[in-house]
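Notes follow the structure.
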Amino acid sequence: ELNDRHRFFTEVDRRIAKKEPFQIFLINIKNFGVINQKYGHMFGDAVLNRAAAVIRSQFRETDIIGRIGGEEFLVLMKDIPDCDLVARRCEKLIQLMSQLYDHQLQDIHFACSIGVALVPEHGSEYKDLFMRADQALYNAKGMGKRTYQFFDSNNSVTRFESKINPHIHTRGGLSAFWGTAAVYMLEQMYETQCFSATFQSVLNLMGNQLQAEHLFFVSFEREDTVLE
């Protein structure tokens with residue numbers, strides 16, 4: 001049985017509190033939306049069930065597996081002596097996924113990409129770990145959608161940054177920035193359940209894009225509400 005988001009992150013918090021090192025795998029199924037649209041939701045559900053079975057087959061009973069979105073799964077893996085074993089697990093999972101519907105989906109390529117975050121190296125709170133794994137996943141998808149990446153702070157291109165970079169220096173760039181920022185913040189707040197970390201990431205990126213040394217966030221009160 002797969003864990004839902006709440007149960008998965010409850011287990012993450014428990015492991016963090018015990019100061020246990022572990023790894024988080026964020027697994028994205030490629031082209032799931034296209035499969036759903038072309039073959040219908042019943043077939044799409046069957047695809048997800050088969051993908052979940054493959055993921056379960058590559059991990060131990062003590063590992064925690066959850067589904068957090070339409071085509072994304074999370075795995076918490078502990079007691080791993082080195083990153084080489086994590087890498088081999090990713091490679092095997094990618095291989096099995098690519099063979100799952102090798103000749104059954106016509107021109108649709110079924111595969112997965114994986115982002116990996118390590119504890120305690122990449123964070124000590126679940127919201128940070130999820131965002132690090134998400135950044136690693138995005139980088140992996142950018143390399144061909146059939147690979148994996150460990151989080152690397154020197155190569156942490158976020159989904160948000162990739163969206164706003166083409167627009168920020170064009171006419172109407174600031175409008176494009178804030179429009180995309182609003183969507184990004186809602187998506188990330190839903191995923192991480194943390195407003196402060198999400199908003200801080202937007203401010204950091206805005207400072208970089210506008211070459212601002214300091215950013216000030218001012219709040220003031222009105223009689224009917226508080227504006228920030």
Side-chain angles (χ1 to χ4, degrees), residues 1-29 51-69 71-94 96-97 112-141 147-161 184-185 187-205:
E1 180 183 357
L2 296 179
N3 294 279
D4 60 22
R5 182 193 308 271
H6 175 73
R7 289 170 61 189
F8 184 90
F9 284 122
T10 297
E11 183 63 23
V12 171
D13 284 337
R14 190 180 72 82
R15 297 283 174 89
I16 289 174
K18 295 175 68 175
K19 300 186 182 302
E20 296 177 344
F22 59 89
Q23 297 78 34
I24 287 182
F25 299 70
L26 180 56
I27 304 166
N28 177 270
I29 305 300
V54 170
I55 294 171
R56 170 54 71 187
S57 73
Q58 294 306 299
F59 293 93
R60 307 161 298 183
E61 291 186 2
T62 54
D63 299 326
I64 309 300
I65 301 176
R67 180 183 168 200
I68 62 163
E71 68 273 18
E72 290 191 335
F73 297 84
L74 276 168
V75 180
L76 185 156
M77 193 178 188
K78 68 171 187 174
D79 301 326
I80 303 302
D82 57 61
C83 289
D84 289 340
L85 180 57
V86 175
R88 291 196 297 272
R89 191 63 51 91
C90 289
E91 291 167 357
K92 182 63 174 179
L93 183 57
I94 290 169
L96 291 174
M97 284 291 193
C112 73
S113 300
I114 306 172
V116 182
L118 310 177
V119 179
E121 291 90 334
H122 298 153
S124 58
E125 295 185 15
Y126 85 81
K127 61 180 182 296
D128 298 324
L129 294 167
F130 179 86
M131 294 180 75
R132 301 296 186 266
D134 182 67
Q135 291 169 0
L137 172 64
Y138 189 85
N139 291 335
K141 291 169 72 174
T147 188
Y148 65 92
Q149 285 285 294
F150 290 87
F151 172 73
D152 181 356
S153 60
N154 295 319
N155 188 30
S156 57
V157 178
T158 65
R159 297 179 184 183
F160 174 57
E161 187 174 355
Y184 168 82
M185 289 178 68
E187 290 176 348
Q188 290 298 98
M189 281 189 290
Y190 176 76
E191 297 290 355
T192 66
Q193 302 296 307
C194 180
F195 173 80
S196 59
T198 301
F199 190 67
Q200 186 61 52
S201 70
V202 173
L203 288 180
N204 289 344
L205 185 57

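Since we're looking at a predicted model, the values are computed, not measured. Residue indices begin at 1 and follow the sequence shown.
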What do the steps show when you test Gln23 against Arg89 for side chain to side chain contact (heavy atoms under 4.5 Å, CB included), and what is the final call? CA-CA 12 Å; Gln23 297 78 34; Arg89 191 63 51 91; over 6 Å; no
Step by step, would you call Ile16 with Leu129 a side chain to side chain contact (heavy atoms under 4.5 Å, CB included)? CA-CA 11 Å; Ile16 289 174; Leu129 294 167; 3.9 Å; yes
Quick one: are Cys112 and Ile94 in side-chain contact, heavy atoms under 4.5 Å? yes
Quick one: NZ on Lys18 to NZ on Lys78, what's the gap to the nearest 0.5 Å? 5.5 Å
Shortest non-hydrogen contact from Leu137 toward Ser113: CD1-O, 3.4 Å
Closest contact, heavy atoms only, Val116 versus Ala136: N-CB, 3.8 Å
What distance separates Ile65 CD1 from Arg60 CZ, expressed to the nearest 0.5 Å? 10.5 Å
Run the side chain to side chain contact (heavy atoms under 4.5 Å, CB included) test on Leu96 and Gln58 for me, step by step, so that the C-alpha distance in whole Å, both residues' side-chain angles and the decisive distance to 0.1 Å come before the verdict. CA-CA 10 Å; Leu96 291 174; Gln58 294 306 299; 3.1 Å; yes
Would you give the length of the straight line joining atom CG of Leu76 to atom OH of Tyr126, rounded to the nearest 0.5 angstrom? 14.0 Å
Of Leu74, Ile64, Asn3, which is the lone residue that meets side chain to side chain contact (heavy atoms under 4.5 Å, CB included) with Phe9? Leu74
Please find the pair of heavy atoms, one from Phe73 and one from Ala52, that lie closest to each other, and give the distance. CE2-CB, 4.0 Å
Which residues pass the side chain to side chain donor-acceptor pair (under 3.5 Å) test with Lys19, sequence neighbours left out? none
Considering all heavy atoms of both residues, which atom of His122 and which atom of Ala117 are nearest to each other, and what is their separation? ND1-CA, 3.5 Å
Taking C-beta and beyond as the side chain, do Leu26 and Ile68 meet within less than 4.5 Å on heavy atoms? yes
CG-CZ distance between Asp152 and Arg132, expressed to the nearest 0.5 angstrom: 11.5 Å
For Glu121, salt bridge (Lys or Arg N to Asp or Glu O under 4.0 Å) partners two or more places apart: none
Which atom pair, heavy atoms only, marks the closest approach of Ala87 to Phe150? N-CZ, 4.2 Å
Hey, mind stepping through Arg7 and Glu11 against salt bridge (charged side-chain N to carboxylate O under 4.0 Å, His left out) and telling me if it holds? CA-CA 6 Å; Arg7 289 170 61 189; Glu11 183 63 23; over 6 Å; no
With Phe25 via ring pair (Phe, Tyr, Trp, His ring centres under 6.0 Å) - residues at least two apart: Phe59
Could you state the interatomic distance from CD (Gln149) to CG (Asn139), rounded to the nearest 0.5 Å? 6.0 Å
Distance-minimising heavy-atom pair for Met97 and Ala51: CE-O, 3.4 Å
Interatomic distance, CG@Leu85 vs CG@Asp79, rounded to 0.5 Å, equals 11.0 Å
